[in-house]
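Below is one structure, written out as structure tokens; comments come after it.
Starting from 1, each residue takes its place in the sequence as its number.
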Amino acid sequence: MMQETSPPSFSELYSAYAAGQLDPGFSLLLETQSMLRSDVRGALAVSETISGIMFETATPVAMSAGAGARALDLIDALEREKDLPARSAPSDAELAELPEPLRDAAFEAFDLAGWQGTAPGIRRMKLDVKSELEVELYRIQPNARVPRHSHGGTEFTLVVAGGFTDETGSYGPGDLAVKGPDDTHQPVGDAGEVCFALAVRDAGLKFTGVMGMIQRVLGR
């Protein structure tokens, strides 16, 4: 199930990704979703092909002084990174089941600060991917309820494993739920498997009820 809203549109996200101009948070979301859905892999491939054709047919421009040498230095740096030893076994075995590139981002966040409790059965972890957006990984146990909330902006939530259900429907692996400022909901983890979900948003959550009162007192 995929719910679309604007802005930004998915075609805009694909185009910006292919052009290398997409925010790292959205890039992580699209790349992770492409590992779960063949149609997303196809859409990204088409966008990258179109971007490549446009690049090849563009009018050449003069390079700045030393640009060639800098490009070679960057290539050498990438090659050195490939030669680094493989990462040791993760300290949280569940994270090893996540698809790349989310897996590495989750490992780094776990090593830095680990999971934070949000509500019974709900844990979240902030991911540092050099994004201007809020990027978080959620772990929702079966039947656990995320506190009811609305949104300060637009939130994209990708289900990576398991699933959750809210007032708008049920979402499983590869599904993307998009919510805006007018949406208030309470996701509930589906029975059976633990749900992992990647959330990317341009503004914070606005909780209702007791959680909302606490949030207002703390000024968050």
Side-chain angles (χ1 to χ4, degrees), residues 1-10 13 23 25-26 28-30 32-33 36-37 92 94-95 97-99 102 105-106 109-110 112-129 131-220:
M1 178 178 181
M2 179 176 285
Q3 179 182 346
E4 295 191 8
T5 188
S6 179
S9 69
F10 290 104
L13 293 179
D23 179 275
F26 277 132
L28 176 64
L29 185 144
L30 287 183
T32 302
Q33 191 183 32
L36 301 169
R37 293 180 56 146
D92 189 326
E94 286 183 321
L95 301 182
E97 303 300 320
L98 299 177
L102 178 59
F110 185 84
L112 182 63
W115 292 102
Q116 296 179 341
T118 299
I122 310 294
R123 301 164 81 185
R124 68 183 177 91
M125 190 160 55
K126 291 184 177 294
L127 305 183
D128 182 8
V129 293
S131 172
E132 295 182 358
L133 307 170
E134 292 185 3
V135 183
E136 295 182 325
L137 178 65
Y138 282 81
R139 183 187 187 277
I140 308 173
Q141 291 184 3
N143 303 314
R145 296 176 176 269
V146 176
R148 186 177 298 278
H149 61 275
S150 59
H151 309 81
T154 303
E155 176 187 62
F156 293 73
T157 303
L158 171 67
V159 176
V160 182
F164 70 80
T165 299
D166 66 7
E167 292 82 348
T168 62
S170 296
Y171 299 83
D175 289 342
L176 190 64
V178 184
K179 307 296 181 183
D182 296 330
D183 297 312
T184 299
H185 67 145
Q186 184 175 35
V188 180
D190 291 344
E193 185 180 355
V194 171
C195 174
F196 284 89
L198 173 64
V200 178
R201 64 179 75 93
D202 56 15
L205 303 179
K206 296 182 178 180
F207 294 104
T208 63
V210 175
M211 286 290 291
M213 293 176 60
I214 295 174
Q215 185 180 45
R216 289 190 289 273
V217 169
L218 296 177
R220 296 179 182 177

* **Shortest non-hydrogen contact from Pro181 toward Ser150** => O-CB, 4.5 Å
* Which pair of heavy atoms, one from Ala109 and one from Leu127, lies closest together, and at what distance? -> CB-CD2, 3.6 Å
* Electrostatic pair Arg201-Glu136, nearest N-O below 4.0 angstrom ->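 Yes.
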* Basic-acidic side-chain contact under 4.0 Å: Arg148, Glu167 ->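 Salt bridge: yes.
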Say you draw a straight line from [atom1] of [X] to [atom2] of [Y]; how long is it, rounded to the nearest 0.5 Å?
| X | Y | atom1 | atom2 | answer |
| --- | --- | --- | --- | --- |
| His149 | Gln186 | NE2 | CD | 9.0 Å |
| Leu198 | Leu176 | CG | CG | 9.5 Å |
| Trp115 | Phe110 | CH2 | CZ | 8.5 Å |
| Asp23 | Leu29 | CG | CG | 11.0 Å |
| His185 | Phe164 | NE2 | CZ | 7.0 Å |
| Tyr171 | Asp166 | OH | CG | 5.0 Å |

* Determine whether the aromatic ring centres of Phe156 and Phe26 lie less than 6.0 Å apart. =>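 Centroid distance Phe156-Phe26: below 6.0 Å, so yes.
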* Asp175 side chain near Arg37 side chain, heavy-atom distance below 4.5 Å ->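 Contact flag for Asp175/Arg37 side chains = yes.
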* Partners of Thr165 by side-chain contact (heavy atoms from CB on, under 4.5 Å), sequence neighbours excluded? -> Ser170, Asp190
* Asked: Any chance CZ of Arg145 has more than 12 other-residue heavy atoms, nucleotides or ligands included, within less than 6.0 Å?
  -> no
